[in-house]
Protein chains: 2
Amino acid sequence: MISLPAALDARMQRESQMTFFEYMVLSVLSEEPDRTMQMSALAARASASLSRLSHVVGRLEKRGLLARSRIPGAGRRTNTTLTEAGYDVVVAAAPGHVAAVREYLIDELEPRDLKALQRIGTAVETAINRGPAPSAAATPASQRRP
Amino acid sequence: MISLPAALDARMQRESQMTFFEYMVLSVLSEEPDRTMQMSALAARASASLSRLSHVVGRLEKRGLLARSRIPGAGRRTNTTLTEAGYDVVVAAAPGHVAAVREYLIDELEPRDLKALQRIGTAVETAINRGPAPSAAATPASQRRP
DNA sequence: GTGTAGAACTTGATGCGTCAAGTTGATGTT
DNA sequence: AACATCAACTTGACGCATCAAGTTCTACAC
């Protein structure tokens with residue numbers, strides 16, 4: 001669990017000149033129908049803090065891969081939208097990433113272990129997010145019940 | 001796999017004022033009979049680059065948790081040894097860490113999934129380390145066959 | 001209609017990780 | 001004996017993450 005994320009990140013940077021986390025952000029956006037998402041929602045989907053996301057989005061915006069726009073009439077909400085250039089970048093990076101995941105993980109496992117891994121993943125995520133103080137990144141206020 | 005290391009690291013810093021990686025270093029040393037290890041070997045066991053380890057060991061030395069000493073008559077090799085204070089720190093931090101691992105992972109899994117996880121771990125490690133250029137951290141020159 | 005609380009970010013300082021380049025010993029090579 | 005090479009680190013610069021503090025809206029209270 002220590003080595004895999006590191007390995008995927010290293011490969012991402014070598015092959016596509018971006019962080020694994022940057023890829024996640026772009027990738028999540030690319031899967032939305034309008035390639036747009038509110039910052040908080042994006043942070044939740046990328047399991048990052050709003051602060052981290054803000055920094056990263058700032059950089060990606062400078063690179064022209066996405067754009068920010070205030071949502072009018074609704075608090076201080078901000079939308080981020082993938083640009084064409086940004087979409088092209090994700091599309092170019094995706095196959096390499098998928099190949100890496102296969103190579104390091106999926107192709108190495110028997111079907112039963114793959115299923116086990118899925119169970120483990122959800123179990124761990126649940127366990128972490130039911131701690132004494134569920135993190136803001138995991139369950140942002142806008143999705144929290146009153 | 002993204003969330004678990006992050007969660008364990010966060011807890012380590014909250015409860016024991018050190019990085020998860022710092023804990024690993026101290027912990028590995030504490031398991032040696034003489035609480036001593038050569039830098040390269042330590043790097044391999046902690047799956048880190050020599051550079052990273054050097055920085056971290058520098059900090060831990062400043063905190064008085066370990067000490068460095070040149071190995072005489074053998075290249076430029078350096079030993080790091082856990083101090084008493086360092087040992088006490090590991091001993092104090094260990095129970096909390098074990099509890100965290102149980103809470104987030106082990107206690108959540110059925111026995112068969114735990115066994116699967118073990119298989120997955122070794123499979124992934126192998127897959128990563130047989131890449132085109134096996135990393136120096138994983139197989140340091142001193143352990144590499146000619 | 002002022003005041004307070006809170007949500008949704010943004011910003012700046014600090015610290016750790018990484019990469020490239022430098023040191024320092026030992027081991028051959030000619 | 002001089003030189004090149006290599007292994008085992010160390011160091012410095014730079015980038016990214018985190019934390020605490022600030023900003024900017026809305027909404028509700030009185």
Side-chain angles (χ1 to χ4, degrees), chain A residues 2-3 5-7 9-14 17-25 37-44 46-63 68-80 133 135-137 139-144 146, chain B residues 2-3 5-7 9-14 17-25 37-44 46-63 68-80 133 135-137 139-144 146:
Chain A
I2 304 278
S3 306
D9 197 20
R11 236 175 111 140
M12 197 71 196
Q13 278 177 257
R14 242 187 310 111
Q17 291 76 52
M18 66 179 139
T19 300
F20 175 69
F21 182 68
E22 290 172 339
Y23 173 78
M24 275 198 69
V25 169
M37 222 177 198
Q38 196 188 325
M39 289 288 284
S40 322
L42 189 52
S47 42
S49 70
L50 209 42
S51 169
R52 181 181 184 185
L53 183 67
S54 184
H55 283 294
V56 170
V57 163
R59 279 176 246 140
L60 292 175
E61 192 175 27
K62 240 176 241 162
R63 287 207 242 163
R68 269 184 282 203
S69 60
R70 290 288 307 280
I71 304 176
R76 224 199 149 189
R77 299 176 186 195
T78 304
N79 265 343
T80 54
S135 94
T139 55
S142 49
Q143 293 170 22
R144 218 179 290 149
Chain B
I2 305 277
S3 306
D9 196 21
R11 236 175 109 140
M12 198 68 190
Q13 278 177 256
R14 241 187 311 112
Q17 290 76 48
M18 64 180 137
T19 299
F20 175 68
F21 182 68
E22 290 172 340
Y23 173 78
M24 276 198 68
V25 169
M37 223 178 199
Q38 196 188 325
M39 288 289 283
S40 321
L42 189 52
S47 42
S49 70
L50 209 42
S51 169
R52 181 181 185 182
L53 184 67
S54 184
H55 283 294
V56 170
V57 164
R59 278 175 246 141
L60 292 175
E61 191 174 28
K62 238 176 244 164
R63 286 207 243 162
R68 271 185 280 202
S69 59
R70 291 287 308 279
I71 305 177
R76 226 201 148 187
R77 300 177 185 195
T78 304
N79 265 343
T80 56
S135 94
T139 55
S142 49
Q143 292 170 23
R144 216 180 291 152

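Throughout, protein chains are lettered first and strands after them, A, B, ... in sequence-line order, and every chain is numbered starting at 1. Note: hydrogens, waters and symmetry copies are ignored here, and every other heavy atom, side chains too, is used. Note that the coordinates shown come from a computational prediction; the quantities given were computed from them, not determined experimentally.
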Exercise for review: Respond yes when some side-chain nitrogen or oxygen of Arg59(B) is under 4.0 Å from OP1 or OP2 of dG17(C), and no when none is.
Suggested key: yes
Review point. Within this structure, what is the NZ-to-C1' distance between Lys62(A) and dC16(D), rounded to whole angstrom?
Key: 13 Å
Point to revise | Met12(B) CE to dT18(D) P, straight-line distance once rounded to whole Å | key: 18 Å
Revision key, fill the gap. Whole-Å distance, Glu61(A) CD to dC9(C) P, equals 14 Å
Review point. Quick one: are Gln17(A) and Glu22(A) in side-chain contact, heavy atoms under 4.5 Å?
Key: no
**Study point:** Ser40(B) side-chain proximity, nearest of dC9(D), dT10(D), dC9(C)
**Key:** dC9(D)
Review point. At their closest point, which heavy atom of Ala41(A) faces which heavy atom of Met37(A), and how far apart are they?
Key: CB-CG, 4.2 Å
Study note, to complete from the structure: For Leu50(A) and Ala43(A), the nearest pair of non-hydrogen atoms, with its separation, is CD1-CB, 4.0 Å
Point to revise | Euclidean distance, atom CZ of residue Arg77(B) to atom C1' of dG25(C) [Å, nearest integer] | key: 11 Å
Point to revise | Residue Leu50(A), side-chain atoms from C-beta onward, closest of dA8(D), dC9(C), dA17(D) | key: dC9(C)
Review point. Between CZ of Arg11(A) and CG of Asp9(A), what distance do you get to the nearest 0.5 Å?
Key: 12.5 Å
Exercise for review: Quickly work out the Met37(B) CE to dA8(D) C1' distance and round it to whole Å.
Suggested key: 16 Å
Distances under 3.5 Å between protein N/O atoms and the N/O atoms of nucleotides 1-4 of chain C, please, pair by pair.
none

Revision key, fill the gap. Residue set satisfying ring-ring contact (aromatic ring centres under 6.0 Å, His included) with Phe21(B), at least two apart, ordered chain then number -> none
Revision key, fill the gap. To the nearest angstrom, the CD1-C1' distance between Ile71(B) and dA7(D) comes to 13 Å
Point to revise | Any residue meeting side chain to side chain contact (heavy atoms under 4.5 Å, CB included) with Thr78(B), in chain and number order, not counting sequence neighbours | key: Met39(B), Arg68(B), Arg70(B)
**Study point:** Residues in side chain to side chain contact (heavy atoms under 4.5 Å, CB included) contact with Asn79(B), at least two apart in sequence or another chain
**Key:** Thr36(B), Gln38(B), Ser69(B), Ile71(B)
Review point. In whole angstroms, how far is the C1' atom of dG17(C) from the CZ atom of Phe20(B)?
Key: 16 Å
Exercise for review: With sequence neighbours left out, write down each residue that passes salt bridge (charged side-chain N to carboxylate O under 4.0 Å, His left out) with Arg76(B), or none if nothing qualifies.
Suggested key: none
**Study point:** Minimum side-chain heavy-atom gap Met18(B)-Arg59(B) below 4.5 Å
**Key:** no
Revision key, fill the gap. B/S/- along nucleotides 19-28 of chain D (protein heavy atoms under 4.0 Å) is B--BBBSS--
Check your understanding: Are OP1 or OP2 of dC9(C) and a side-chain N or O of Thr78(A) less than 4.0 angstrom apart?
Key -> yes
Review point. Rounded to the Å, how far apart are Phe21(B) CZ and dG15(C) C1'?
Key: 15 Å
